[in-house]
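Notes follow once the structure below has been shown.
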There are 2 protein chains.
Amino acid sequence: MGSDKSMAGSAAGAPFAGARIGRVAAPIREQVLDVIRQGILDFQLRPGQRLIERELIEQLGVSRPTIREVLSRLVAEGLVTIQPQHGAIVAVLSPVEAEDIYEMRVPLEVLVMQRFVKRATDEEVAQLRGALARIEEITEAGSETQSRLRAKDDFYQIVFEGARSPVLAQTLQTMQGRIRLLRATSLATAGRPEASLEEIRQLVAAIERRDLDAVAAAATAHVRNAAASALSQLAENGAEAARS
Amino acid sequence: MGSDKSMAGSAAGAPFAGARIGRVAAPIREQVLDVIRQGILDFQLRPGQRLIERELIEQLGVSRPTIREVLSRLVAEGLVTIQPQHGAIVAVLSPVEAEDIYEMRVPLEVLVMQRFVKRATDEEVAQLRGALARIEEITEAGSETQSRLRAKDDFYQIVFEGARSPVLAQTLQTMQGRIRLLRATSLATAGRPEASLEEIRQLVAAIERRDLDAVAAAATAHVRNAAASALSQLAENGAEAARS
DNA sequence: CGCTCATATATTGTCTGACAATGAGCCGGC
DNA sequence: GCCGGCTCATTGTCAGACAATATATGAGCG
């Protein structure tokens, strides 16, 4: 409830401190889009779960056209599937698709990392090292997957910024989104945070040395290993599901 | 079939060659999506041109929510840009974006070609040769760009089918769509159809030999050359535009 | 007791109409 | 001649409505 539309008037607390919500700052549909996407990426909405328009309308307090527009966008991103005449569900990644995506990610990630080497400022490289440090911290603390994922998102954010390649960045971002779906499907790959961390360390080291070949090798290894881990897990999970 | 009930106004001057939407099998919005996308890809809707909702409604005879949904999808595909509070326009590719896309296409196209080699049936390979033959025909006949593009689309369609990689295929397809936008911007790259044809010949030959390395080399060369040609043209065009 | 069929419900697909808010262009005044 | 206000066009968003279709429920029958 709450969240009336025209509450802009008084705004008791912050005259112009906080971000103005609703009206001018961000179109409603962007907000809705973010909310639902985040819900999927954070595993609150699980793959296969139905997304019923009426429910979303009630929960988010927006109108049906808005919801439909948002769902369309999510379909385009590959995070939602629409079964005609039946409704939208959170997308379920098939092993075939997952393999495809990982295979595509390899060269694209190499590309973006090399671009980062070529275009990023020294400051951005330093930021990258900082992000690595945070990942190390979290990994060593053995924190939950959630925060690790967020730290890795930050890491990639810096890479994308520094690479100055908006299209490439966006493509990779949606790919990573879909892969995260996969992670939700196979329920916490958990897998190998330490191995992954070591790979990232090597990657950052190569970046700092500005060694393009080493960067390519490290990026390739990282994605390949992630793929192998995720896909094997998915295979197990799939077998299990088939058995039941 | 179609054209049952509301065949309303004649809409003589529709920019899309008499395409009218009827309520039949496919969902209306899919039809609308196809029509507008095709309009963009066929250069009937030129980059930068405004897409005013009201006009589209009148020309296509569908309602506003439908149009908006379609425009959203096209935004996601990168064919349309929305300027907040101002409206949608056919996307204009900046040189930076174009370069990005071409650079991404290189490894992805290598990937899809190699997959085709590994997975396509002999019959599909034969079909590919057939498609090549048609391209040759059209090129030698010196036909207009339009039919050449269509023939190349057919060629790629076969590749995508045979590669059995839906995700990869879709990604490449949207990329090629955006690149075609570029072609519309710089007004008929024209370029050298003969050179392009020779590259494709080499590619098909490598595929028939099932020589993965040669396929990679040929695919890379093809995309790289296309990029060089398109980008140089764009640079000229940009300079010209800047002058005026 | 299980199975098939008909009904009922739920949900989407689409349309109509409406309103506020924002941006663009125009016109008059200084 | 320039600036400010005004009008208009266009988008952003909502509410309600209806048909079509898929799923679930229950009744009747073998």
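The model shown is predicted, which means the values in this text are computed figures rather than measured ones. Quick note on labels: first sequence line is chain A, next is B, and so on, each numbered from 1.
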query = When the distance from CD1 of A:Ile57 to C1' of C:dG13 is rounded to whole Å, what number comes out?
reply = 13 Å

ask   = Between the base of C:dG13 and the side chain of A:Arg64, is there a donor-acceptor distance below 3.5 Å?
value = yes

remark   = Comparing nearest nucleotides in DNA chain D, the 5'-proximal residue of the pair A:His86, A:Ser63 is A:Ser63

message = I need the CD1-P distance between B:Ile67 and D:dG12, as an integer number of Å.
response = 14 Å

request  = Could you grab the distance from atom CG of B:Leu93 to atom CG of B:Leu182, nearest 0.5 Å is fine?
outcome  = 5.5 Å

inquiry  = Please classify the nucleic acid contact of B:Leu51 as base, sugar-phosphate, or nothing, using heavy-atom distances under 4.0 Å.
reply    = sugar-phosphate

remark   = Taken in chain and number order and not counting sequence neighbours, the residues that satisfy salt bridge (charged side-chain N to carboxylate O under 4.0 Å, His left out) with A:Glu69 are A:Arg29, B:Arg68

ask   = In whole Å, what is the span from the CD atom of B:Glu55 to the P atom of D:dT10?
value = 7 Å

ask   = Are side-chain heavy atoms of A:Thr81 and A:Val75 found at a separation under 4.5 Å?
value = no

key: A:Gln85 CD - D:dT21 C1' separation (whole Å)   = 6 Å

request  = Have a look at the helix from C:dC1-D:dG30 to C:dC30-D:dG1 and give the angle its two end axes make, five pairs each, rounded to 10 degrees.
outcome  = 10°

message = Any non-hydrogen side-chain atom of A:Tyr156 less than 4.5 Å from a side-chain atom of A:Gln173?
response = no

remark   = Tested for side chain to side chain contact (heavy atoms under 4.5 Å, CB included) against B:Leu79, the lone hit among B:Thr174, B:Leu74, B:Val90 is B:Leu74

Distance-only side-chain donor-acceptor flag, B:Ser72 / A:Arg73, under 3.5 Å = no

key: From D:dT11, C:dG13, D:dC14, nucleotide with atom closest to B:Ile52 side chain   = D:dT11

Those residues of residues 68-79 of chain B lying under 4.0 Å from DNA chain C by at least one heavy atom = none

inquiry  = Rounding to an integer number of Å, can you tell me how far B:Arg50 CZ sits from C:dA24 C1'?
reply    = 9 Å

request  = List in chain and number order the residues that pass side chain to side chain donor-acceptor pair (under 3.5 Å) with A:Glu161, two or more places apart in sequence or in another chain; answer none if no residue qualifies.
outcome  = none

message = Nearest whole Å is fine: how far is D:dT13 C1' from A:Leu60 CG?
response = 15 Å

task = May I have all residue pairs that pass salt bridge (charged side-chain N to carboxylate O under 4.0 Å, His left out) and include part of residues 74-94 of chain A, sequence neighbours excluded?
result = A:Arg37-A:Glu77

note = Winner on side-chain proximity to A:Arg29, out of C:dG13, D:dT13, C:dT11, is D:dT13

ask   = Looking at D:dT11, C:dT14, D:dT13, which one has an atom nearest to any side-chain atom of B:Ile28?
value = C:dT14

inquiry  = Holding to salt bridge (charged side-chain N to carboxylate O under 4.0 Å, His left out), I want the full list of residues that pass it with A:Arg150, two or more places apart in sequence or in another chain.
reply    = none

key: Between P of C:dT11 and CD of A:Gln49, the distance in whole Å   = 14 Å

Any B:Thr66 side-chain nitrogen or oxygen under 4.0 Å from OP1 or OP2 of C:dG13 = no

query = Do A:Gln49 and A:Gln44 have side-chain N/O donor and acceptor atoms under 3.5 Å apart?
reply = no

task = Check the distance between D:dG12's C1' and B:Arg54's CZ and give it to me in whole angstrom.
result = 16 Å

